[in-house]
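Report on the structure given below.
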Amino acid sequence: MNHFDYVNGELCAEDVPLSRIAAELGTPFYCYSTATLVRHYTVFRQALEKAGLDATICFALKANPNIAVVRTLAGLGAGADVVSEGELRRALAAGVPAGRIVFSGVGKTRRELELAVAKGIMQVNVESEPELRALSEVAAARGVRMPISLRVNPDVDAGTHAKITTGKKENKFGIEWTRAHEVYRIARELPGVEVVGIACHIGSQLTDVEPFRQAFSRVRDLVAILRADGFDIRRLDLGGGLGVPYDAATDLPPHPDDYAAAIAGSLGDLGCRIVLEPGRLLVGNAGVLVSRVVYVKEGATRSFAIVDAAMNDLMRPALYDAHHDIQPVAEPAAGAPRAEIDVVGPVCETGDTFARQRPLPPLAAGDLVAFRTAGAYGAAMSSTYNSRLLVPEVLVNGHGFAVVRARPTYEDMLALEALPDWLE
Ligand code: LLP
């Protein structure tokens, strides 16, 4: 459920018509709904509670790192899953307590590990033996033992898009399942780390609980092996990955209740604190990208609606052939005819296509359209390709809204560049 609905013929974010924001701010812009963020977090937390799980929800900042979004979730009790110094700094700036931050990622630098140690975060999820040794050195130099989980790669097929599956043995992530025990033993001998648990994340946009179950069962086996060897395994970080319905007609991801029941069924009796790293699930449906139709062009074989947003603003269709529902902001008349149209951006690549042959009500130049389910991996993945400015982000709360990331100026765009003296 989300809070983007037609009210009096206008698509609104909660009580704010998107056209009002467009009039004030120009287009394109991202718009997030506080009520939807709150709802998604609450549904997820309640699912875990109902399943009797002692869980910490660490929002995966990569899905939407805007500090206002992170603060909204932190205010509800969320921690953070971060994968870079930038995300760690954002989580702290948004008010996430260090004790609720986990640091994931396959290539953390020493500088990043130093910051994690200095800030005293909850744990580092270590993905390789060299990283383990580097972290131990960094922490020992400060006289601390850093709590760690090893991220294991359970060699499970998540059944999702190849570019976002992470838990197969040929993927770069984690420590091979079969070598995990050996690396835990190395960790035990190192002065700067303290093993507290196991971490695992098998992929993103999963629409079936079965791959999760397979991974959980491997985690369970590993808990038994490690405990038998004297390790005090007390936290299980199960990553993120639960999918959202991008296309209401075809996507049927499991309800958080089913996901929580799968966790409880596989791991609930082990006496471990469960850590989860949902990203998309919390923010995906809480955001839209609003854009204006610049031209409608009749091509030789099809029509194109050329909008002012492009692949640099929302990369998912170009990168993953992802589907995003597209809705006119002005509600189409009941029974309005639909015709197939390609919705494209102005960037000079054919890949800059949001939808091919999408049946949509008639669109005309000047119309506003909303790309739905754009709250996750939308603004987060945007770039300035074609020297287009990053688009602003707006957070709605009831009747009000605030710009939570301003549109930069062209002066900002040029500010970090310089001509070397031989070109002046
Ligand atoms: N934890 C780890 C270690 C991850 O690598 C990820 C996502 C998450 C948690 C959060 O996963 P989520 O709950 O959002 O599925 N750009 C792609 C998605 C990449 C996901 C990368 N890792 C997309 O737009 O679909």
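We count ligands from 1, going down the list as the structure has it; atoms in each ligand are counted the same way. Computed over heavy atoms, backbone and side chain alike; hydrogens, waters and symmetry mates excluded.
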**Plane angle bin for F354 and F371 - parallel if under 30°, tilted between 30 and 60°, otherwise perpendicular** = tilted
**Item:** Contact partition for H201 relative to ligand 1, non-hydrogen atoms under 4.0 Å
**Value:** side chain
**Fill in**
atom 21 (C) of ligand 1 sits nearest the protein heavy atom K62 CD, 3.7 Å
**Message:** Checking a contact table here: which protein heavy atom is nearest atom 19 (C) of ligand 1, and how many Å away?
**Reply:** I164 CG2, 3.6 Å
**Asked** D81 heavy atoms, cut-off 4.0 Å: which ligand 1 atoms fall inside?
**Response** 1 (N), 2 (C), 9 (C)
**Prompt:** Based purely on interatomic distance, does G279 place a nitrogen or oxygen under 3.5 Å from a nitrogen or oxygen of ligand 1?
**Reply:** yes
**Asked** Does any non-hydrogen side-chain atom of T72 lie less than 4.5 Å from one of N397?
**Response** no
**Request:** Looking only at protein heavy atoms, identify the closest one to atom 15 (O) of ligand 1 and say how far it is in Å.
**Result:** S204 OG, 2.4 Å
**Asked** Using a heavy-atom cut-off of under 4.0 Å, does the side chain or the backbone of L281 touch ligand 1, or both, or neither?
**Response** neither
**Fill in**
So for P278 against ligand 1, with non-hydrogen atoms under 4.0 Å, the contacting part is backbone
**Item:** Exam field: side chain R145 to backbone E194, donor-acceptor pair closer than 3.5 Å
**Value:** no
**Asked** Please state which protein non-hydrogen atom is closest to atom 24 (O) of ligand 1 and give its distance, to 0.1 Å?
**Response** R316 NE, 2.6 Å
**Fill in**
Closest non-hydrogen atoms of I274 and L238, given as atom of the first, atom of the second and distance, are CG2-CD1, 3.9 Å
**Message:** Does only the side chain of Y320 get under 4.0 Å from ligand 1, or the backbone, or both, or neither? Count heavy atoms.
**Reply:** side chain
**Item:** Residue R280 vicinity, atoms of ligand 1 by number, heavy atom under 4.0 Å
**Value:** 12 (P), 13 (O), 14 (O), 18 (C), 23 (C), 25 (O)
**Message:** Could you identify the single nearest non-hydrogen protein atom to atom 14 (O) of ligand 1 and state the distance to 0.1 Å?
**Reply:** Y377 OH, 2.6 Å
**Request:** Using a 4.0 Å heavy-atom threshold (strictly under), name the region of R151 that reaches ligand 1: side chain, backbone, both or neither.
**Result:** side chain
**Prompt:** To the nearest 0.5 Å, what is the distance between CZ (R39) and CG (N2)?
**Reply:** 9.5 Å
**Request:** Report yes or no: does R234 contribute a side-chain atom to a donor-acceptor pair with the main-chain N or O of V196 at less than 3.5 Å?
**Result:** no
**Request:** Below 4.0 angstrom from a heavy atom of M381, which ligand 1 atoms are there? Numbered from 1 as shown, please.
**Result:** 16 (N), 24 (O)
**Item:** ligand 1-proximal atoms of E277, by part, heavy-atom distance under 4.0 Å
**Value:** both
**Asked** Should the pair R407 and F29 be classed as cation-pi, given the thresholds of under 6.0 Å to the six-membered ring centre and 45° from the axis?
**Response** no
**Message:** Test ring-ring contact (aromatic ring centres under 6.0 Å, His included) on H323 and Y246; report intermediate values, then the result.
**Reply:** CA-CA 6 Å; H323 173 101; Y246 280 98; 8.1 Å; no
**Asked** Got H324 and L314 here, is their nearest side-chain heavy-atom distance under 4.5 Å?
**Response** yes
**Asked** So is there a nitrogen or oxygen of G241 less than 3.5 Å from a nitrogen or oxygen in ligand 1?
**Response** yes
**Prompt:** How long is the span from the CG atom in N153 to the CD atom in E127, to the nearest 0.5 Å?
**Reply:** 9.0 Å
